[in-house]
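Below is one structure, written out as C-alpha cells; comments come after it.
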Amino acid sequence: MEENKEMNVTETGTKKGKKKNKNKKVIIIVVIAVVLLIGCGVAMISAFGKMSESMEAAMGEMTGDSLYEVEAVDVKQEITTSGTVIGLEKHAYVSPVTAKVEDVPVETGQIVKKGDVLLTYDVTDLGDNLTKVQLQAQSERAAGNAAYEAANKASGKVKDAKAEIKDLKSDIKALNKEIKDLNKTISEYEKKIKAANEGKTPEEYDPMAGLSAKEIKKYNKAVSEVEKKTKSLASKQEELAKQEMIVESNQDVKVSGSEATQISVSNQLSDMNVNEAQAQVDTAQAGITAVADGIVESVEILKGTYANETQTLMTVINADKIGVEFSISKDDLTAVTEGQKARVVIADKEYTGKVVFVSRIATMDANALGTAASGGSIKGRIELDNPDEDIFVGVSAKAYIFIGESTGALAIPYSALCTDVDGDYVLVVNDNNIIERKDITLGLYSGDYYEVLEGLAKGDKVIKEVTKDMKPGDEYVAPVAAPGMTMY
C-alpha cells in the first residue's frame, strides 16, 4: 500500500512537473510573440511612415504636374501627310533623225550627268544618202548651168554679129558711093567716045575715040576699079546676109524669167537637200547626250533597231526638280495653298521645300469594302529645295506642310482640351481652388499645344488631365497615382 502511494505520489509529482514546464514554454512563446509583434508593429509603422512619405511626395509631384499655367509660347502648325517621291520636271529625248541605233549605254533608274552619252547612231545609211543628194544636186546644177551657158553663147553670137553687121553696112555704103563715083567718071568718058564715033560705021567704031592717052588710062582704071569694087560689094552683102541670119537665129536663145526662177529654185532645193542630209549625218554622229543631270525614268528604244524621227527614245527626270506628291483630306483643304513651306523626310533624311501645286479635282479613295469613300482626297506636290543623290524616285516620304506660326501665343496642352455639344472648353482652378469651366476659341495647333485665341488669360491654371469626377464648382483635388500605377 505504501509502495503504491509512493508511486502515486511520484506520478503525481511528475505530472505536476510536466505541467509547470509546459506553462513555462507557453509563457516564453507568448513573450516571444509579443516581442515579435511589437517589432513587426514598429517595422510596419516605420514602413507605413516611409510609404506615407512616398505617397506624399508622389502626391506633391502629381499635384504640381497636373496643372498647367497658361503662358506665352510659340505655336507652329504643320499638317502631316504621306506621299511619294516623284520627278517634277522630265525631259523626253526625241530622235532627231531616222537611223539605226548603234548603242544605248544607259538603263532605267540610272543617274546621268549633263553631257553623258545616252544613245549613239549607226551613220552608214545617212552617209550614203548624203552622197546621193550631193550627186543629184550636181546634176541639177549642171543642167541649169548648161541653159545659161547656151544663152550666154547665143547672146555673144548676136552681139558679135550685130557689130559685124554694122561694119558691113558701113563698108557697103562706102563701096556703093565709090562705085557710083567711078561709074559717073566712066559715063563722062563714054559720052566723049560716043560723040567721037558719031556717024561712023560699026567697022569704023573706035572704043577710045575722043580720048587722050591720059584719059584712056583713067577710063580703063575706072572700069577696072568698078569691077573690083562691085565684087567686094557683093561679098560684103553676102556676109551681111549671113550675120543677119546669125542674129535672127540666136536672138531668141536666152533664159526667160520663168526659166531662171525654175533654175534658181531647183538649185536652192538641191542645196537644202544637201544641207539637210549633212545636218542629219552631223546630228547622228553627235548622238543623244543629257542636257542636264537627271535620273533615267524610261528607255523606249533597243540597240540595233531603227529610230524614227520624232520618236521618243527615253525620258529623264531632271535631278534638280524632285518633289513629293501627297494627299490631304477635305478637312485640310483650306489650310494648304501653293507657296507654303514644307519639310519632307525621305529614308530618315530631311529636306526643305514648298508646295507648288494643289489639285482642284478630288480623287475618290476606296474604303475597306472597295467602294468610294465620301469626300475623297486632294492631291498636291511639294518641290524640294536641294535634292541630292540620296533620293530615290518612287519611294514613300513623310511630308510636313507648314500652315502658320504664332509667336508669343497663349496656349494649352493637347491633353487639357475638352469638347462637348457647346464647343471647346477647359477646366481651370481659381485662386480659391475651385474648378471653373472656360469656353475657348482655338487657333493654330502644333505637336504639343493648341493656340487659344479667346477664353483664357496668362497665368490661368488649366487642369491638364480632366477626370470624370471633376466638375465645375467642386473643390479641386489633385489626382494621385501610387507608384507603378497609371492615372486615368
Side-chain angles (χ1 to χ4, degrees), residues 74-92 108-109 111 292-298 315-406 409 411 413-415 417 419 424 442-451 453:
D74 295 339
V75 180
K76 182 184 290 185
Q77 182 176 346
E78 293 178 325
I79 289 180
T80 303
T81 183
S82 59
T84 303
V85 179
I86 62 171
L88 296 179
E89 183 177 283
K90 304 176 183 180
H91 185 85
T108 301
I111 294 176
D293 295 352
I295 302 169
V296 180
E297 184 182 49
S298 65
T315 303
V316 178
I317 297 170
N318 189 336
D320 295 328
K321 295 291 184 179
I322 302 296
V324 171
E325 186 174 70
F326 62 86
S327 296
I328 56 174
S329 67
K330 62 177 182 178
D331 297 329
D332 294 325
L333 178 58
T334 56
V336 178
T337 58
E338 294 179 7
Q340 288 175 322
K341 295 181 179 179
R343 297 183 298 119
V344 172
V345 177
I346 305 171
D348 297 330
K349 188 170 183 179
E350 185 171 301
Y351 301 84
T352 60
K354 65 179 179 180
V355 177
V356 294
F357 172 74
V358 178
S359 177
R360 292 298 182 269
I361 300 176
T363 57
M364 302 303 292
D365 299 322
N367 58 25
L369 298 177
T371 58
S374 61
S377 60
I378 302 298
K379 297 289 185 182
R381 289 193 291 273
I382 296 171
E383 180 179 350
L384 303 185
D385 293 330
N386 296 297
D388 54 32
E389 293 186 357
D390 293 334
I391 294 177
F392 289 80
V393 175
V395 301
S396 60
K398 199 74 173 179
Y400 303 87
I401 302 172
F402 178 71
I403 301 303
E405 182 177 10
S406 182
Y414 269 25
S415 59
L417 179 64
T419 303
D424 298 323
L442 300 178
L444 300 177
Y445 60 88
S446 67
D448 300 312
Y449 297 97
Y450 279 112
E451 178 189 12
L453 300 177

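Source: prediction; values computed, not measured. Keep in mind that the numbers below use all heavy atoms, side chains included, and drop hydrogens, waters and symmetry copies.
- The line from NZ of K354 to CD of E338 is 10.0 Å long, rounded to the nearest 0.5 Å.
- The distance from atom CD1 of I295 to atom CD1 of I322, rounded to the nearest 0.5 Å, is 4.5 Å.
- Residues I346 and V395 form a side-chain contact, since some pair of their non-hydrogen atoms from C-beta on lies under 4.5 Å apart.
- Within the 4.5 Å cutoff, the side chain of V336 has heavy atoms near those of the I79 side chain.
- The CG atom of D390 lies 5.0 Å from the OH atom of Y351; values are rounded to the nearest 0.5 Å.
- Within the 4.5 Å cutoff, the side chain of I111 has no heavy atoms near those of the D293 side chain.
- Looking only at side-chain heavy atoms (C-beta outward), T337 and V355 stay at 4.5 Å or farther from each other.
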Original post:
How far apart are the C-alpha atoms of E451 and S406, what are their side-chain angles, what is the distance that settles it, and do they pass the side-chain hydrogen bond (donor to acceptor under 3.5 Å, both in side chains) test?
Top reply: CA-CA 8 Å; E451 178 189 12; S406 182; 2.9 Å; yes
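- Between V344 and L384 there is a side-chain heavy-atom pair separated by less than 4.5 Å.
- More than 12 heavy atoms of other residues, nucleotides or ligands lie within 6.0 Å of CD in E350, so this atom counts as buried by the packing criterion.
- Minimum interatomic distance between Y449 and P413 (heavy atoms only, all atoms of both residues): CD2-N, 4.0 Å.
- Using modelled atom types, one finds a donor on one side chain and an acceptor on the other under 3.5 Å when comparing K379 with S327.
- In summary, the aromatic rings of Y414 and Y450 are positioned with their centroids under 6.0 Å apart.
- A409 and V75 get closest at one heavy-atom pair: CB-CG2, 4.4 Å.
- For the pair Q77 (side chain) and Y445 (backbone), a donor-acceptor distance under 3.5 Å is present.
- Side-chain contact between R381 and L88 is present, with heavy atoms from C-beta onward closer than 4.5 Å.
- Atoms NZ and OG1, from K341 and T352 in turn, are 9.0 Å apart once rounded to the nearest 0.5 Å.
- Without hydrogens or angle criteria, E297 side chain to G87 main chain gives no donor-acceptor distance under 3.5 Å.
- A pairwise comparison of heavy atoms in I403 and A335 identifies CD1-O, 3.3 Å as the closest pair.
- The shortest distance between side-chain heavy atoms of L417 and D424 falls below 4.5 Å.
- Between the side chains of S377 and T363, a donor-acceptor pair is found at a separation under 3.5 Å.
- Scanning both residues, A399 and I382, for their nearest heavy atoms gives CB-CD1, 3.9 Å.
- Separation of atoms CD (E383) and CG (D320) is listed at 9.5 Å; rounding is to 0.5 Å.
- Closest approach of T80 and Y400 over heavy atoms only: OG1-CD2, 3.3 Å.
- Checked for salt-bridge contact, D388 and K349 meet the test: a charged N lies under 4.0 Å from a carboxylate O.
- Looking at heavy atoms from C-beta onward, I391 lies in side-chain contact with V85 at the 4.5 angstrom threshold.
- Atom NZ of K330 and atom CD1 of I378 lie 10.5 Å apart (nearest 0.5 Å).
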